[in-house]
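Please read the structure below before turning to the comments.
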Amino acid sequence: MRKILIPILTVALLVTGYFAYNQYRANEDLMRRAESQYQRSFHELVFNVDTINSQLAQTLISSSPEQVMLSLTNLWRESFAANSNLGGIPISMVELDKTDKLINDIAEYSYYILKTNNLQKQKLTSKEWDKLQEFYERSKVVRNELQSVEAAVLDRDLSFVEVETVVMRRGQDLADNTIVDGFRIIEDKVKAFPDLQFDEGVQKIEPEPRPIAGKEISEEEAVAIAKEFMNNHDGPITKAEISFSAEGKIPIFGVRTFKEGQDIPTYIEVTKKGGHVIQMYMERSIKEANIDFQAAEENAQDFLKEHNLTGMELVDIDTDTNTAVFTFVPTEKQIRLYSDMVKTHVALDTGQIISFDQTSYLAYHHERTIPAPTIAEEQVTGSMNSNFEVQQVNLAMVPEEFKENQEVLCYEVRGKMKEEKFILFINADTGEDFRIVRLTKPREFEITVR
Amino acid sequence: MFANKRIKALTFILILATFIALVAMDFVSVIGNRTLVYGSTGQDVKTLQSKLKGLGFHKGKADGVYGWETLRSVKWFQDQFGLKNDGVVGASTWAALNKAKPGVITAQKGGNTATSSNDVAILAKMISGEARGEPYIGQVAVGAVIMNRVKDSKFPNTVYGVCFQPGAFDAVRDGQYFNPPSASSLKAARSAITGYDPTYGALYYWNPVTATSKWIWSRRIMLRLGKHVFGI
């Protein structure tokens, strides 16, 4: 018996061993590939931060406008690259909010100077110089720490894959925890600096929602509001219940409603203040399209009117399989208010509104005092780029992304260049291009679903 | 003596069979026409399961064991394709399996925030991997968190940058991302890109039961949806 067993077991052992070795080799190979990706991102990050630091130094000592402009452009580019490379290493278990913000501030501030300061005519202002000096000091600290980590990585062959598997996944420390500790130190050192204050116009601002009028409602009231809304919209509701409560920028109650004989809920969100239905999503299967966009738009308009949203103008249609999203904006004296948009999603089988979002409307809609434009429409359309074929012109209030609660009166010029459709927003006071929006939808992707 | 010879021969055959089996394992999946019934096991059962899975008929694991779950999937598939629903995977069922195409839905970018045409597809795969089995609104919320990150200065500036940030999402790590998305996650992705945000600005979400990093709890929780909590 032993005579049989031994050869069998030997062969089995050999086969297993061979397989195991192959597996091990394949695994090692993959780890090395992951490691080299991480190493590349890390070394690039160190290089980016080093370049940021040296470009800041150059900007501070330079007196030639060309050199300053070049350095600022490099700063802008390098800080974007740094952000991207920081996103490429497995360090997300370390909080790096302040470090991320510093890199981002440098990008935004250098862009701001390039945009607002005509460096050909004017040197850096002392305010700008001071800010760049601050950035220089801070980036030096980050650079120095990163370089210490880099030295250790190179000298002791520290592995980012190990950081990923041990620290990130298992939450344990490595025997040589230099990488993780290094990043913690960076964040702590950046945190130790006082927060930088920026002038208005440097950073993009998400405007704060305006207070919503009305009284606080209870959960029961929210359920009743949602129930009534869906009773009118989709027929008798058999069950309605609170599904969640959110304390975001606009506090809301999330309500689920069920129609008779259906187990897929519709979600209605009701503002805790004022009891407005702010968003609604129905999830249902959608059959072949039966109605055209015009009929769908009429349905959407009727839906808005039913909910006291009048004087809305259609500004965008976005389509996908058998549904379309219609974006509307309210008008005041025929001037479109782009901050206050409302979206309705229409199923093209029956024309029913399957979702609705009036967050921006509730957050920003108010009566405005809009000055008359100083430039005439003919002046604007007359001085268009000759490649651009004008199709439609309106007046519009467009939010200023960099200034809190400020809007700019613009001519909204819709038209096309060859096949590409655009909206040009042109400042109605200065005649300068305020914003260019490309309307042509990107190419469709086919994706297989389960 | 005679018996010993037979045993030797047997041993030899056994060894040979082991090798052949090992080599053949790679080929069976290509041929894949053995008749499979309830109780069958092997690489071809695995092939069957992943085929059914790809077509949307199988939700369980492709573990190579033809169990009751697989039986149900096979019967459902046979029903849908006008075959006798006996759960026996013979020539005709294999042929149907090889011919069948999964439902193809055209994904098109909506809204103003998306930056490139692959956004919907990437987002849908991520939602599918991260929030399968969650209520629809929970799926939209996961998509909204990703879109909020793209807009936020602390995160990469693109959808793929946010999604593939090492360690950011479990679905990339455990491979769930690398599957076709579910139909509902595709819808949820479109909603999120169009700008629907049931979280009203959340940047993080985590499962309170399985969350490993401690600092995640320093985030301000804004709401709870399904098995995730969302915070800023």
Side-chain angles (χ1 to χ4, degrees), chain A residues 3-4 7-8 11-12 15 38 80 83-84 87-93 95-97 100-101 104 108 164 168-171 203 243-250 252 254 264-265 267 269 279 281 283 316 318-321 325 343 345 355 357 359 437 441-450, chain B residues 7 10-11 14-15 18-19 22 53-54 56 102-111 116-118 120-121 124 128 135-137 140 153-157 161-162 165-168 173 179-184 186-187 190-191 194-202 212-213 215 222-225:
Chain A
K3 269 190 181 162
I4 323 161
I8 291 180
V11 169
V15 170
Y38 291 155
F80 269 105
N83 179 296
S84 158
I89 46 180
I91 201 76
S92 61
M93 63 291 182
E95 187 174 343
L96 288 171
D97 285 11
D100 275 323
K101 186 170 184 307
N104 196 60
E108 282 177 340
E164 188 183 14
M168 196 158 85
R169 292 198 196 162
R170 276 184 249 145
Q203 289 169 316
S243 79
F244 65 92
S245 156
E247 296 299 331
K249 284 190 180 142
I250 302 176
I252 54 119
I264 302 171
Y267 293 92
E269 281 149 35
Q279 293 187 36
Y281 323 71
E283 200 202 350
D316 189 32
D318 210 343
T319 56
D320 56 50
T321 321
V325 177
K343 288 185 176 182
H345 195 172
S355 60
D357 178 7
T359 311
V437 180
K441 308 294 181 207
R443 77 169 255 243
E444 288 186 6
F445 265 58
E446 281 210 338
I447 174 165
T448 308
V449 296
R450 285 190 261 186
Chain B
I7 287 164
L10 207 75
T11 317
L14 247 164
I15 293 163
T18 320
F19 270 114
L22 284 168
K53 208 167 175 168
V104 170
I105 293 182
T106 310
Q108 194 190 338
K109 186 210 89 156
S116 75
S117 39
N118 56 27
V120 169
S128 188
Y136 181 65
I137 196 120
V140 178
S153 63
K154 295 196 290 289
F155 292 92
N157 305 313
V162 167
Q165 198 173 11
R173 193 178 81 193
N179 282 318
S182 66
S184 73
L186 188 58
K187 264 197 273 179
R190 286 207 196 94
S191 287
T194 315
Y196 292 130
D197 177 11
T199 72
Y200 296 86
T212 44
S213 45
W215 66 270
M222 297 197 299
L223 72 153
R224 192 181 178 128
L225 273 174

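Hydrogens, waters and symmetry mates are skipped; everything else that's a heavy atom, side chains included, is used. None of the values given here were measured: they were computed from a predicted structure.
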Kindly give the heavy-atom pair with the smallest separation between [X] and [Y], and that separation in Å.
X        : Y        : value
A/Lys343 : B/Thr194 : NZ-O, 2.5 Å
B/Leu223 : A/Ser245 : CB-O, 3.4 Å
B/Leu225 : A/Phe244 : CD2-CD2, 3.1 Å

Let's test your reading of the structure: which of [options] forms the most heavy-atom pairs below 4.5 Å with chain A?
options                                : answer
B/Pro135, B/Gly201, B/Pro198           : B/Pro198
B/Ala202, B/Ala168, B/Ser182           : B/Ser182
B/Pro156, B/Ser184, B/Gly167, B/Pro181 : B/Pro181

query = Atom CZ of A/Phe80 and atom CG of B/Asn157: how far apart are they, to the nearest 0.5 Å?
reply =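 It is 5.5 Å, given to the nearest 0.5 Å.
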ask   = Does the ring centre of A/Tyr267 sit less than 6.0 Å away from the ring centre of B/Tyr136?
value =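 No.
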For chain B, which of [options] has the most heavy-atom pairs under 4.5 Å?
options                              : answer
A/Asn83, A/Ile264, A/Val437, A/Ile91 : A/Asn83
A/Pro90, A/Ser84, A/Pro7             : A/Pro90
A/Ile250, A/Ile89, A/Thr359          : A/Ile89

request  = Spell out, as yes or no, whether a donor-acceptor pair under 3.5 Å connects the side chain of A/Ser92 to the backbone of B/Pro166.
outcome  =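 Yes; judged by distance alone, with no hydrogens or angles, the pair exists.
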task = Please check if the side chain of A/Lys101 supplies one atom and the backbone of B/Ser153 the other of a donor-acceptor pair under 3.5 Å.
result =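 Absent.
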Any side-chain heavy atom of [X] sitting closer than 4.5 Å to one from [Y]?
X        : Y        : value
A/Gln279 : B/Tyr200 : yes
A/Leu96  : B/Lys154 : no
A/His345 : B/Arg190 : no

ask   = Do B/Tyr196 and A/Ser355 have a side chain donor and acceptor closer than 3.5 Å?
value =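 The answer is yes; a qualifying pair exists.
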Heavy-atom contact with chain A under 4.5 Å, split by part of B/Val140 =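 For B/Val140, the side chain is the part near chain A, not the backbone.
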inquiry  = Can you tell me which portion of B/Ile137 sits under 4.5 Å from chain A's heavy atoms? Options are side chain, backbone, both or neither.
reply    =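 It is both, since atoms from each part get that close.
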